[in-house]
Asks: 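To start, I am sharing the structure in question, which I have written as structure tokens.
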Amino acid sequence: MGRVVLNGFLLLAVVVSVTASWIFSSDPTRPNFEFIPQMVHSPRYNAFAPNPNFANGGTLQRPEPGTIARGSMPLHYAATPQDALRAGEDLKSSLDPGNVRARERGAFVFSNFCAVCHGAAGAGNGPVAQRGYPPPPSLLVEHALKMKDGQLFHVLTYGQNNMPSYASQLSRDDRWNAILYVRTMQATATSVPLPTPTAPSTPQLKTTQSDVAKISGGQP
Ligand code: HEC
């Protein structure tokens, strides 16, 4: 008799625990039980919701005029030869000519993005130029040697005649790295000494191009 009662209890316990586990099993399609839900859903305004706390009645406020987004460094140039010259005066590379990492990165950028037209050594005889694209001038001749770093930055950023802009493919850092490499190439090919290091007064960004595009709505 005692055994029957015990077995009855055990059966009941099994049924109860199976049922409980079925009832309380989590359903991934529904949110879990929330403890103190006020902490999860604190009151707040949606970005575009009306808001009585601000004078203009909106939640999202316009930035103050002249505000610059973090990590963003606006360039105030047009894609004109005049502005290329102005960029040559204004913008200086902050990279030390002896910076091996920057130069190696520049070499990588050059061989991936520039050599197709400019040729591996910058002579203007890359495969694309040999197959009908208007060949670029040699980067090893006087004209290119005399261009200032900032002017090269303008060419890479805004393009120049048949040369397209590389602003969307190359971060600013990589444009400066490529420029350093072009300078090294020129120095090696023509035995013109490398420019002396300049004070870091340049818009060298630690952001990637996609960050810049995100922050600034696609500024170069
Ligand atoms: C699609 C081919 C092409 C690619 C790729 C290209 N360039 Fe050019 N580049 C040209 C052409 C063509 C010119 C000549 C533009 C002109 O007529 O003013 C030029 C001009 C230049 C000049 C100015 C030279 C001068 O004497 O006026 C520089 C500097 C330069 N390119 C650097 C680069 C660098 C660095 C890269 C890689 C980031 C690059 N280019 C990628 C085609 C290209």
Side-chain angles (χ1 to χ4, degrees), residues 73 75 77-198 200 202-213 218-220:
M73 185 72 82
L75 290 170
Y77 299 101
T80 59
Q82 295 78 10
D83 274 23
L85 292 175
R86 194 161 65 79
E89 299 305 320
D90 294 350
L91 303 177
K92 307 266 179 286
S93 175
S94 67
L95 295 173
D96 188 303
N99 185 334
V100 178
R101 262 187 79 194
R103 198 176 57 220
E104 282 176 355
R105 175 71 193 171
F108 176 81
V109 169
F110 191 89
S111 62
N112 279 282
F113 290 91
C114 319
V116 282
C117 292
H118 285 275
N125 57 355
V128 171
Q130 287 174 18
R131 284 168 179 74
Y133 196 84
S138 169
L139 296 176
L140 311 174
V141 297
E142 197 184 353
H143 185 262
L145 290 172
K146 285 204 167 140
M147 288 171 87
K148 299 201 167 149
D149 284 353
Q151 206 179 343
L152 297 194
F153 186 79
H154 188 281
V155 173
L156 266 56
T157 306
Y158 297 95
Q160 177 182 289
N161 301 322
N162 284 325
M163 163 144 172
S165 157
Y166 275 82
S168 61
Q169 286 99 317
L170 296 176
S171 70
R172 291 190 190 188
D173 278 347
D174 270 347
R175 279 173 258 161
W176 285 116
N177 291 336
I179 290 166
L180 180 65
Y181 180 69
V182 168
R183 291 303 183 211
T184 317
M185 226 163 48
Q186 291 174 332
T188 323
T190 62
S191 65
V192 168
L194 274 176
T196 45
T198 45
T202 18
Q204 274 280 307
L205 292 185
K206 289 292 159 239
T207 44
T208 64
Q209 187 59 31
S210 68
D211 289 338
V212 173
Q219 75 159 6

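The figures that follow rest on heavy atoms only: side chains count, while hydrogens, waters and symmetry mates do not.
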Asks: State the CG-CG distance between Asp149 and Leu180, to the nearest 0.5 angstrom.
Replies: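 Interatomic distance, Asp149 CG to Leu180 CG, rounded to 0.5 Å: 8.0 Å.
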Asks: Anything under 3.5 Å between a donor and an acceptor, one on a side chain of residues 120-134, the other on a protein residue two or more places apart or in another chain? List them.
Replies:
residue: Gln130; atom: NE2; partner: Asn125; partner atom: O; Å: 2.7
residue: Arg131; atom: NH1; partner: Pro127; partner atom: O; Å: 3.2
residue: Tyr133; atom: OH; partner: Asn162; partner atom: O; Å: 2.5

Asks: Rounded to the nearest 0.5 Å, what's the gap from CD on Gln169 to CG on Leu156? Could you check?
Replies: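 Here the rounded value is 10.0 Å.
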Asks: Distance check, rounded to the nearest 0.5 Å: His118 atom NE2 versus Leu140 atom CG?
Replies: 11.0 Å
Asks: Within the 4.5 Å heavy-atom criterion, are Asp83 and Tyr158 side-chain neighbours or not?
Replies: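 No, their side chains stay 4.5 Å or more apart.
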Asks: Do Arg105 side-chain atoms and Asp173 backbone N/O form a donor-acceptor pair below 3.5 Å?
Replies: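 Absent.
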Asks: Roughly how far apart are Gln82 CD and His154 NE2, rounded to 0.5 Å?
Replies: 9.5 Å
Asks: Thr157 versus Tyr77: any side-chain heavy-atom pair under 4.5 Å?
Replies: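 They are not in side-chain contact.
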Asks: Find out whether Gln151 and Leu91 are in side-chain contact, i.e. whether some heavy atom of one side chain is under 4.5 Å from a heavy atom of the other.
Replies: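 No, too far: nothing below the 4.5 Å cut-off.
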Asks: Which value, rounded to the nearest 0.5 Å, describes the distance between Glu104 atom CD and Arg101 atom CZ?
Replies: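 That separation rounds to 9.5 Å.
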Asks: Show the nearest heavy-atom pair for residues Leu145 and Arg183, with the distance to one decimal.
Replies: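 Here Leu145 and Arg183 meet closest at O-NH1, 3.9 Å.
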Asks: For Ile179, run the side-chain contact (heavy atoms from CB on, under 4.5 Å) check against Thr184, Asp174, Leu95, Leu152 and tell me which one passes.
Replies: Leu152
Asks: Nearest 0.5 angstrom please: Asn99 CG to Ser94 OG, how far?
Replies: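 Here the rounded value is 9.0 Å.
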Asks: Please list every donor-acceptor pair under 3.5 Å in which a side-chain atom of residues 107-116 meets a protein atom from a residue at least two apart or in another chain.
Replies:
residue: Ser111; atom: OG; partner: Ala107; partner atom: O; Å: 3.2
residue: Ser111; atom: OG; partner: Phe108; partner atom: O; Å: 3.0
residue: Asn112; atom: ND2; partner: Phe108; partner atom: O; Å: 2.8

